[in-house]
Amino acid sequence: MVSEAATGDVMDLPGIPEDTIDLGERLDPVRTLLRRTAGGDRRAAGALLDVLGPRIHGLAVHVTGSAARASALTVSVLRSCLRDAADLAASGLPGEAAVLDRARRAALATRPSGDVRSLVSPAAANDRTRDRREVDVLRVLLGLPLPQRALVESAAQGRFAATGAERPGAATALAQVLDALVPLGGPEDPELRALAALDALALADPSERARLKEIARGPETAGVHRHAIEAAARLTLLTAVPPSRDLHVAVLEGFAPEPVPAPEPEAAYSGDYATPVLGTDSQRRVVGPPARPGAAPAAAPGASAPSAPTPVPSGGEQAGPDAAPSFAFRPGDEAERGRRARRRRRQQARAGTPRTPWISRALAALLAVTALVLGGLLVTTRGDLAEAEEFTDTWATLSLAPEAQLVPGLSDNGAWQAVIAEDGVALHAEGVAGWDGEVLELWGETDGVARSLGVLDLSRDGEISFTADGTADRLLVTREMAPGSGSGSPSPRVVATLDPGISGI
């Protein structure tokens, strides 16, 4: 059904299917919000933040274990969803599942840390979204044995420790739980359902994703994967945590603003008078209507004085075409045009600028220096914040690439981590100690050939955030003589190695 508001006389926009008529399971209100957001509706974008913001933020908190990292990740994911709202609305997934699937993959692309929390404990009841579907999810989890429930709760928070021969059985148990939340349908293939459950929870490795892509080519098999993603989105109802700060300012900054209403037109004033009118409150001069051909000439201003001053018409009243408007002036208008004021201005022009006491000049200089220092600090802080947000956006974008690899580093100097994708490389390190007279240089090795990706900028607190175009099989960080990039080949002094083959990715 098409909303009547979309077919009004204000704008000729295409009709948008509304999802507020029926309350059946087939409704998709989030898809409607995505469609309206793609059309530049700021209120729809704000509603999308209110509906899915707590679920995205809570999932990021449970995965990363840090409220600060979760807040930055939530802002980045929501910005990307607003930017790609049209693509998300047109995808084969429901709107809610499409947004939450993107959020889960971006959160798990970081390194999961922190403790795994129970999703059915009474302490977690205050953090939920109070959605009526929570009852169904809780009923399914409470009906599971304790080991299987712990497995599902860990998987919902990005942890899956099963390896080797235990992995298929654990994946099959996850598929059974997802099937209880949302019927998967399709063929009863255990391998298909297990791989679909792992990929829906963003826990599948590259080989499992490739196998799932190979066996899920038909419409029925693809439906199993799509329903598994919908069921994984249902689990975020139990990990929802409201953000501690308002996300509207950070996310909607730069979004298409609402059109500014045009100012109301001023009251039309008819008449073209060539005679200037000057005077004070006690000297009001009345100017008659413009001269018309064949009409008697208007009387001179000094010919006859009116018995009473004509009242000034208010802004809402319209004077008639033959009415004689009156003009009122402030006393300061006449004072500024007086002979004494003109003489004072000439004296000031000849004498120059009056002298200012030295105390006032010193205070003005101190205030100017303080303003310059505070302005410099503000510009520096804003620049650092902009760089951090740009790096976070790049990290999240590269992590969402189809063949992206999250590679931990092997080093005895700090903690290193990188994302290697086909479109670029992102590197982050913490707790790194530098050397005097030497710099750290990043090298990308492809088919045994190393090329320099650039010199790394080490902050005072030992952090490094670096991005580069292109891709590589593995990354090396070496110590080079300043300014670096001089020899064309990496030195044997290796600080960190980021190799997917060594790390087991």
Side-chain angles (χ1 to χ4, degrees), residues 25-26 28 30-31 34 59 77 80-81 84 86-109 137 140 148 151-152 154-236 397-406 419-423 500 505:
E25 190 69 20
R26 59 184 177 83
D28 194 354
V30 177
R31 186 187 296 271
L34 289 172
L59 179 63
V77 171
S80 68
C81 291
D84 304 334
D87 297 336
L88 292 174
S91 65
L93 290 170
E96 179 184 75
V99 174
L100 294 176
D101 180 64
R102 173 174 291 197
R104 181 181 295 276
R105 297 184 188 279
L108 266 67
V137 181
V140 172
Q148 190 173 357
L151 173 66
V152 175
S154 301
Q157 300 175 57
R159 279 78 164 182
F160 189 67
T163 58
E166 301 177 355
R167 193 173 180 88
T172 302
L174 292 178
Q176 294 174 355
V177 176
L178 295 184
D179 183 57
L181 296 178
V182 176
L184 301 182
E188 298 290 339
D189 186 358
E191 182 186 11
L192 172 63
R193 290 171 173 261
L195 293 178
L198 288 179
D199 187 72
L201 294 169
L203 301 173
D205 55 30
S207 60
E208 291 171 340
R209 289 197 300 267
R211 176 58 180 168
L212 176 62
K213 185 178 180 180
E214 179 182 353
I215 64 178
R217 295 182 180 274
E220 295 183 356
T221 54
V224 174
H225 187 203
R226 176 169 57 84
H227 292 147
I229 295 177
E230 295 181 33
R234 292 285 179 91
L235 288 176
T236 59
T397 303
L398 294 178
S399 301
L400 294 175
E403 302 298 334
Q405 299 182 8
L406 181 65
V419 174
I420 302 177
E422 295 182 357
D423 298 334
I505 299 298

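The shown structure was predicted, so the numbers you read here are calculated from the model rather than taken from an experiment.
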If you take all heavy atoms of Val30 and Gly95, which pair is closest and at what distance?
->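 Minimum heavy-atom contact is CG1-C, 3.6 Å.
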
Salt-bridge test for Arg234 and Glu230: reply yes if a basic N is under 4.0 Å from a carboxylate O, no otherwise.
->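 Looking at Arg234 and Glu230, the cut-off is not met.
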
For Ala228 against Leu178, the heavy-atom pair lying closest together = O-CD1, 4.0 Å

Gap between atom CG of Leu59 and atom CG of Leu235 - 0.5 Å precision |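 CG of Leu59 is found 10.0 Å from CG of Leu235.
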
Closest non-hydrogen atom pair, Gln157 against Arg159 =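 That closest heavy-atom pairing would be O-NH1, 2.6 Å.
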
Does Arg226 use its side chain to pair, donor to acceptor, with the backbone of Leu93 at less than 3.5 Å?
-> no

Using modelled atom types only, decide if a donor and an acceptor are shared between the side chain of Arg209 and the backbone of Ala204 within a distance under 3.5 Å.
->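 Pair found, side chain donor or acceptor close to backbone of Ala204.
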
Heavy-atom distance under 4.5 Å between the side chains of Glu220 and Val224, does that happen here?
-> no

Check whether any side-chain heavy atom of Cys81 lies under 4.5 Å from a side-chain heavy atom of Val77, and answer yes or no.
-> yes

Nearest-0.5 Å distance, CD of residue Gln405 to CD1 of residue Ile420 |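 These two atoms lie 6.0 Å from each other.
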
Spatial distance of atom CG (Leu174) from atom CD (Gln148) [nearest 0.5 Å] = 8.0 Å

Working to the nearest 0.5 Å, report the span between CG of Leu88 and CG of Leu34.
->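 Nearest 0.5 Å value for the CG-CG distance: 6.0 Å.
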
Scan for salt bridge (Lys or Arg N to Asp or Glu O under 4.0 Å) pairs involving residues 178-195, sequence neighbours excluded, and state none if there are none.
-> Asp179-Arg193, Glu188-Arg193, Glu191-Arg211

4.5 Å side-chain heavy-atom contact, Leu201 and Phe160 =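 A side-chain contact is absent here, since even the closest heavy-atom pair is not under 4.5 Å.
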
Mind checking whether Leu398 and Leu400 have side chains closer than 4.5 Å, heavy atoms only?
->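 Answer no - side chains too far apart.
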
Roughly how far, to the nearest 0.5 Å, is CG of Leu100 from CD of Glu96?
->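 Atom-to-atom, Glu96:CD and Leu100:CG are 5.5 Å apart.
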
Does any N or O in the side chain of Arg104 come within less than 3.5 Å of the main-chain N or O of Ala233, such that one atom is a donor and the other an acceptor?
-> no

Distance-minimising heavy-atom pair for Leu406 and Leu108 |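 What the structure gives for the nearest pair is CD2-O, 4.3 Å.
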
Write down the atom of Ala197, the atom of Ala171, and the distance for their closest heavy-atom approach.
->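 Looks like CB-O, 4.2 Å.
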
Shortest non-hydrogen pair, Ala165 vs Pro168, comes out as O-CD, 3.4 Å

Distance in Å, Asp205 CG paired with Leu195 CG, rounded so as to fall on 0.5 Å steps |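 Atom-to-atom, Asp205:CG and Leu195:CG are 9.0 Å apart.
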
